[in-house]
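The structure appears right after this line, and notes come after that.
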Amino acid sequence: MNAKNRHRIAAGVLFSALAFTGASFAQSGGSTQADARRNADTARSAASTEAVAQPRAMRASKLIGADVENAKGENLGEIKDLVVDAQNERVRYAVLSHGGVMGIGDKLFAYPVSMLQARSGDADEFVLDVNKEKLEQAPGFDKNKWPDWGDNAYTSRIDQYYGASGRVDGQRDPKMVLASDLIGKNLDDRAGKDAGEIDDLIVDASTGRVQYAVVDFDDSWTQQAEDQLVAIPLSSIAVSGEKNDKLVIDVPRERIDMSLAFSKDRWPDFNDPSWTQKNRNRAPSRS
């Protein structure tokens with residue numbers, strides 16, 4: 001991936017915590033080692049809270065191929081893909097290849113997306129804190145033989161190994177598909193006519209929720225979206241087929257919310273509070 005398109009995944013949370021601790025110790029003058037340890041624990045807790053407090057909307061295409069570092073700032077590898085539960089609008093796993101200090105040959109590893117924590121701030125920064133010993137025993141797979149993500153036994157093994165929560169009560173049966181298989185995928189309408197294609201996914205990297213599918217509709221399908229992209233809920237797209245490879249726009253064209261359209265060469269800031277407020281609770285009707 002071109003370097004200018006890669007988001008460096010940095011480990012700033014621990015460094016911020018240590019800086020905070022050092023400042024507290026200097027101010028106290030007579031602090032004991034026990035006090036310093038308590039300060040460090042408090043700082044780490046605050047930093048951890050900061051890491052998950054704020055939404056961080058990012059394009060899935062920018063996450064794929066990104067470098068990954070651990071809490072020590074050491075290179076771990078890169079994100080090869082994202083495993084999306086299209087039915088429930090969330091990313092379940094980030095698939096990583098490992099190099100650097102944790103080189104594991106030809107294996108790939110699926111991490112619950114909750115293990116990648118986004119920090120607040122200007123840069124797109126994450127931390128993945130995992131030790132080499134745990135990684136060496138992790139349920140990886142050959143890079144030339146990807147697993148069936150619809151296999152509940154396999155995904156449950158990943159979740160259990162890392163102590164992550166899998167399916168949540170009230171969710172519909174998952175439809176697991178790779179983000180790279182969704183991006184650029186053609187959409188049909190209910191009548192089987194070409195409607196357009198998915199240009200990208202907007203993911204809240206703090207929670208893994210897929211906020212939008214960004215769609216390039218065919219001009220012949222709806223002239224309203226000519227030369228524009230439209231952000232729609234992923235739930236507006238029905239996923240079917242033996243390999244979850246058939247996508248249908250499950251919303252009548254007249255119900256596409258064109259207030260969510262934008263120029264192809266001028267993407268909005270999906271983290272802008274005005275965008276978030278404007279589009280809160282909007283979902284097109286399927287009727």
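Values reported hereafter were calculated over all heavy atoms of this structure, with side chains retained and with hydrogens, waters and symmetry mates removed.
- For Gln211 against Ala57, the heavy-atom pair with the smallest separation is OE1-CB, 3.2 Å.
- Between Trp146 and Trp149, the ring planes are perpendicular. Angles over 60° get that label, and only those under 30° would be called parallel.
- Contact between Ala213 and Leu234 at its shortest, heavy atoms only, is CB-CD1, 4.0 Å.
- Using a 4.0 Å cut-off between a side-chain N of Lys or Arg and a carboxylate O of Asp or Glu, Lys246 and Asp188 qualify as a salt bridge.
- In this structure, Asn244 CG and Lys175 NZ are separated by 5.5 Å, a value rounded to the nearest 0.5 Å.
- Within the 4.5 Å cutoff, no side-chain heavy atoms of Val251 are placed close to those of Ile232.
- Taking every heavy atom of both residues into account, Glu78 and Gly65 meet most closely at OE1-O, 3.9 Å.
- Between Trp267 and Ile202, some side-chain heavy-atom pair lies under the 4.5 Å cut-off.
- Leu182 and Val248 fall into different hydrophobic clusters, defined by Ile, Leu, Val, Met, Phe, Trp and Tyr side-chain heavy atoms under 4.5 Å apart, directly or through other members.
- For Asp245, the side chain to side chain contact (heavy atoms under 4.5 Å, CB included) partners are Lys185, Lys243, not counting sequence neighbours.
- Residues Lys80 and Leu108 are in side-chain contact: their nearest non-hydrogen atoms beyond the backbone lie under 4.5 Å apart.
- In this structure, Pro139 and Arg157 approach most closely via the heavy-atom pair CB-NH1, 3.5 Å.
- No side-chain heavy atom of Val84 sits under 4.5 Å from any side-chain heavy atom of Val203.
- In this structure the side chain of Val215 never reaches within 4.5 angstrom of the side chain of Glu197, judged on heavy atoms.
- A salt bridge links Asp250 to Arg190: at least one charged side-chain nitrogen sits closer than 4.0 Å to a carboxylate oxygen.
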* Evaluate the criterion side chain to side chain donor-acceptor pair (under 3.5 Å) for residue pair Asp194 and Trp221; output intermediate values, then yes/no. => CA-CA 7 Å; Asp194 289 341; Trp221 193 75; over 6 Å; no
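- Lys264 has a carboxylate O that lies under 4.0 Å from a charged side-chain N of Asp216, or vice versa, which qualifies the two as a salt bridge.
- Across all their heavy atoms, Gly208 and Val113 have their closest contact at CA-CG1, 4.1 Å.
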Note to self: Quick one, Leu178 with Val83, criterion side chain to side chain contact (heavy atoms under 4.5 Å, CB included). Give me CA distance, side-chain angles, the key distance, then yes/no.
What the structure shows: CA-CA 5 Å; Leu178 296 175; Val83 182; 3.8 Å; yes
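- The line from OG of Ser114 to CZ of Arg90 is 9.0 Å long, rounded to the nearest 0.5 Å.
- Here the CZ atom belonging to Phe217 is positioned 7.0 Å from the CG atom belonging to Leu187, to the nearest 0.5 angstrom.
- Proximity of Leu201 to Val214: side-chain heavy atoms (C-beta onward) are nowhere separated by under 4.5 Å.
- Side-chain atoms of Ile237 and Ile198, non-hydrogen and from C-beta on, do get closer than 4.5 Å to each other.
- Separating the CD atom in Gln160 from the OG1 atom in Thr155 is a distance of 9.5 Å, to the nearest 0.5 Å.
- The CD atom of Glu69 sits 8.0 Å away from atom CG of Leu76, with the distance rounded to the nearest 0.5 Å.
- Ion pairing between a basic and an acidic side chain is recognised when a charged N comes within 4.0 Å of a carboxylate O; Arg59 and Asp200 show such pairing.
- Two rings, from Phe141 and Phe109, have their centers 6.0 Å or more apart.
- Side chain to side chain, Tyr93 and Asp159 meet the donor-acceptor criterion of an N or O pair below 3.5 Å.
- Contact record, Ala179 with Asp81: N-OD1, 3.5 Å, taken as the closest heavy-atom pair.
- Between Ser263 and Gln228 there is no side-chain heavy-atom pair separated by less than 4.5 Å.
- Remark: the Ser220 side chain and the Asp218 side chain contain no N/O donor-acceptor pair separated by less than 3.5 Å.
- To the nearest 0.5 angstrom, Asp173 atom CG is 7.5 Å from Gln87 atom CD.
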